[in-house]
Amino acid sequence: MGQVATLPQRKGSYVMELHEWYRKFINECPSGLITLHEFQRHFCDGTVGNESSEYAEQIFRTLDNNGDGIVDFREYVTAISMLIQGSPEEKLRWSFKLYDKDKDGAITRSEMLEIMQAVYKMSLAASLTKANPLTVEECTNRIFSRLDKDRNAVISLEEFIEGALDNDWIREMLECDPNTVKVEKPQKIHSPV
């Protein structure tokens, strides 16, 4: 039930890869900006339709660093680069922002449950995962009880990162895994020599 993301695989020079991603981004979003509606359309078409719209919305809000309701290429590529090349702590920090729906710096049980439900529903619909013997509620409760060290009914960023790094199962459940969704990488255009 690891988090799903649309990410390229690392090959070739980084500058060329950025150029390819920019070309694809501009091709799909000629204005150089992407709205929530456009993001949901591209994300949902690439995954499982409406089953992924809730999750797509939260990914969009996490990508939109400045909160202006639009994702530009810089915001997009910064997240992609970090999810591919970032340290485990950086990846978990990004995942924390995904779960912290109200952006108050803490994750409640209901915030975690909402994201876990959206991911699980989408993953099952896309056949990315087999049905887990634990329900989404049981997974959420298990993760929450292990991460909420001070038992204050919220998970802080520190609790989230430390707890996930100390437990492989929790980390797999929470970390945004760039390999869980197949996304077409932009095609290189070869110029005649």
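Fair warning: this is a prediction, and the values are worked out from it, not measured in the lab.
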As an exercise, state the distance from [atom1] of [X] to [atom2] of [Y], rounded to the nearest 0.5 Å.
X: Thr108; Y: Asp100; atom1: OG1; atom2: CG; answer: 8.5 Å
X: Gln117; Y: Thr140; atom1: CD; atom2: OG1; answer: 7.0 Å
X: Arg171; Y: Ile143; atom1: CZ; atom2: CD1; answer: 14.0 Å
X: Arg23; Y: Glu28; atom1: CZ; atom2: CD; answer: 12.5 Å
X: Leu174; Y: Leu147; atom1: CG; atom2: CG; answer: 6.0 Å
X: Phe160; Y: Ile107; atom1: CZ; atom2: CD1; answer: 4.5 Å

Once you measure the plane-to-plane angle for Phe60 and Phe39, does it fall in the parallel (<30°), tilted (30-60°) or perpendicular (>60°) bin? tilted
Please work out which of the three classes, parallel, tilted or perpendicular, describes the rings of Phe25 and Tyr76, given edges at 30° and 60°. tilted
Show the nearest heavy-atom pair for residues [X] and [Y], with the distance to one decimal.
X: Asp148; Y: Ala153; answer: OD2-N, 3.0 Å
X: Arg93; Y: Ile161; answer: NH2-CD1, 3.8 Å
X: Cys139; Y: Met116; answer: CB-CE, 4.0 Å
X: Arg142; Y: Ser145; answer: O-OG, 3.0 Å
X: Asp150; Y: Glu159; answer: OD1-OE2, 3.0 Å
X: Trp94; Y: Ile59; answer: CH2-CG2, 4.3 Å

Contact list for residues 59-69, test salt bridge (charged side-chain N to carboxylate O under 4.0 Å, His left out), sequence neighbours left out: Glu57-Arg61
Are [X] and [Y] joined in one hydrophobic group, where the rule is that I, L, V, M, F, W and Y side chains link up if heavy atoms are under 4.5 Å apart?
X: Met112; Y: Val154; value: no
X: Met82; Y: Leu157; value: yes
X: Ile70; Y: Leu36; value: no
X: Val71; Y: Phe73; value: yes

For the CZ atom on Phe144, are there more than 12 heavy atoms of other groups (residues, nucleotides or ligands in this structure) within a distance under 6.0 Å? yes
Answer yes or no: does atom CG of Asp168 have more than 12 heavy-atom neighbours from other residues, nucleotides or ligands under 6.0 Å? no
Applying side-chain contact (heavy atoms from CB on, under 4.5 Å) to Arg74 and Asn66, what does each step give before you reach the verdict? CA-CA 11 Å; Arg74 175 185 275 190; Asn66 62 5; over 6 Å; no
4.5 Å side-chain heavy-atom contact, [X] and [Y]:
X: Thr62; Y: Glu75; result: no
X: Met173; Y: Asn167; result: no
X: Glu20; Y: Lys24; result: no

Quick one: does any side-chain atom of Lys101 pair with a main-chain N or O of Leu98 as donor and acceptor, under 3.5 Å? no
Donor-acceptor pair, Lys97 side chain versus Lys103 backbone, under 3.5 Å? no
